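What follows is a set of notes on a single structure, which appears directly below.
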Amino acid sequence: MIDNGTERKGGLKLAVFASGSGSDLQSIINAVERGDLHLEISLLVCNNPDAFALERARTHGIPSVLIDHRGRSRDEFEQEIRSELEKRHIDLIALAGFMRILTPDFVGRWRGKMVNIHPALLPSFPGVHAHRDAIAYGVKVSGLTIHFVDEGVDHGPIICQKSVEVHDGDTEETLGERVLEQEHIWYPKVLQWIVEGRVRLEGRKVKIETD
Ligand code: GRF
């Protein structure tokens with residue numbers, strides 16, 4: 001597990017990985033700026049030159065690296081990411097809409113130190129079309145899952161899940177917006193639990209120490 005300790009000088013160094021709009025990144029930035037999340041966002045890793053996440057990072061003075069996966073082998077891509085993480089002494093990674101699957105080698109090195117947010121109640125509806133799949137299936141409740149990353153896609157040990165009702169007539173967009181509202185509340189909260197050392201990984205299970 002993460003040997004962080006809130007007391008460590010300078011705080012835990014977080015890298016956020018994003019490929020798109022970056023609203024989850026924004027919620028993390030806001031929580032840090034409000035003083036609700038006690039870590040340093042030391043790096044944005046982005047693989048998409050058009051991602052608005054890059055603009056958000058720039059606006060808030062967060063260093064970012066654009067590492068385009070196109071034209072690079074998977075090994076080269078991850079090696080570049082790895083060296084950026086080392087350079088900045090990153091302790092923790094938060095995937096926030098990062099649209100690349102990381103190799104088992106990379107994941108293995110970050111076991112217990114890399115989290116992801118998925119917009120459905122896993123193990124239901126993994127993959128990139130969670131809202132579409134949830135609506136097509138006809139579930140009445142969907143939600144979000146924040147989990148440690150393991151070698152499976154949207155598969156690792158679950159830290160936190162929150163439900164969101166699916167309404168008649170919901171589209172991917174309307175359901176997505178309601179789920180995102182909850183993501184923006186819970187992702188920073190869970191990161192703060194990790195900062196406080198309250199999150200313990202025990203095999204497939206995650207124990208959260210309560211106050
Ligand atoms: C979120 O729905 C998150 O659950 C998923 O990717 C989306 C990222 O949205 N992993 P944004 O780019 O942070 O707005």
Side-chain angles (χ1 to χ4, degrees), residues 14-34 37 39 41 43-60 62 64-69 81 92-102 106-107 110 114-137 139 141-167 170-191 193-194:
L14 175 75
V16 178
F17 287 25
S19 306
S21 149
S23 71
D24 283 327
L25 165 68
Q26 187 68 55
S27 73
I28 297 169
I29 295 171
N30 294 348
V32 170
E33 291 185 352
R34 279 197 313 268
L37 174 56
L39 50 69
I41 309 172
L43 184 64
L44 167 69
V45 173
C46 183
N47 64 321
N48 171 14
D50 300 323
F52 188 60
L54 287 166
E55 183 60 34
R56 296 184 194 268
R58 221 180 345 262
T59 305
H60 293 268
I62 294 163
S64 60
V65 283
L66 172 63
I67 306 174
D68 201 330
H69 56 275
I81 296 178
L92 176 68
I93 296 173
L95 304 182
F98 188 63
M99 303 303 279
R100 297 300 293 168
I101 292 174
L102 297 160
F106 187 97
V107 169
W110 286 91
M114 175 158 57
V115 293
N116 180 42
I117 186 160
H118 181 74
L121 295 174
L122 293 171
S124 292
F125 314 122
V128 291
H129 299 299
H131 301 308
R132 186 194 300 178
D133 295 345
I135 290 168
Y137 197 93
V139 291
V141 174
S142 191
L144 67 93
T145 303
I146 299 165
H147 63 92
F148 284 113
V149 177
D150 72 1
E151 286 77 3
V153 175
D154 300 326
H155 174 270
I158 292 172
I159 308 169
C160 173
Q161 292 189 299
K162 293 291 156 188
S163 61
V164 171
E165 276 190 23
V166 181
H167 300 162
D170 254 339
T171 61
E172 275 183 68
E173 289 69 34
T174 58
L175 177 58
E177 272 169 32
R178 286 205 309 288
V179 172
L180 266 181
E181 272 175 34
Q182 294 301 310
E183 293 186 29
H184 299 161
I185 295 169
W186 287 99
Y187 212 7
K189 266 195 213 274
V190 166
L191 292 172
W193 295 348
I194 293 173

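Start at 1 and go down the list; that is how both ligands and their atoms are numbered. Please read all numbers here as calculations on a predicted model, not as lab measurements.
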Atom CD1 of I185: over 12 foreign heavy atoms under 6.0 Å: yes

side-chain contact (heavy atoms from CB on, under 4.5 Å) partner of I67, chosen from I81, N47, N48: I81

Under 4.0 Å to a heavy atom of S21 - the qualifying atoms of ligand 1, by number: 12 (O), 14 (O)

Interfacing atoms of ligand 1 (cut-off 4.0 Å, heavy-atom, S23): 11 (P), 12 (O), 13 (O), 14 (O)

Per-atom contacts, ligand 1 versus E183 - under 4.0 Å to a heavy atom: 1 (C), 2 (O), 3 (C), 4 (O)

Cationic N near anionic O, under 4.0 Å, E55 to R58: yes

Close-contact set for ligand 1 against G97 heavy atoms, below 4.0 Å: 6 (O), 8 (C), 10 (N)

Nitrogen or oxygen of I117 less than 3.5 angstrom from that of ligand 1: yes

H118 side chain vs F125 backbone, donor-acceptor pair below 3.5 Å: yes

Within-cut-off N or O pair, L180 and ligand 1, under 3.5 Å: no

Residue-ligand contact A18/ligand 1, heavy atom below 4.0 Å: no

Under 3.5 Å donor-acceptor, S21 side chain and F52 backbone: no

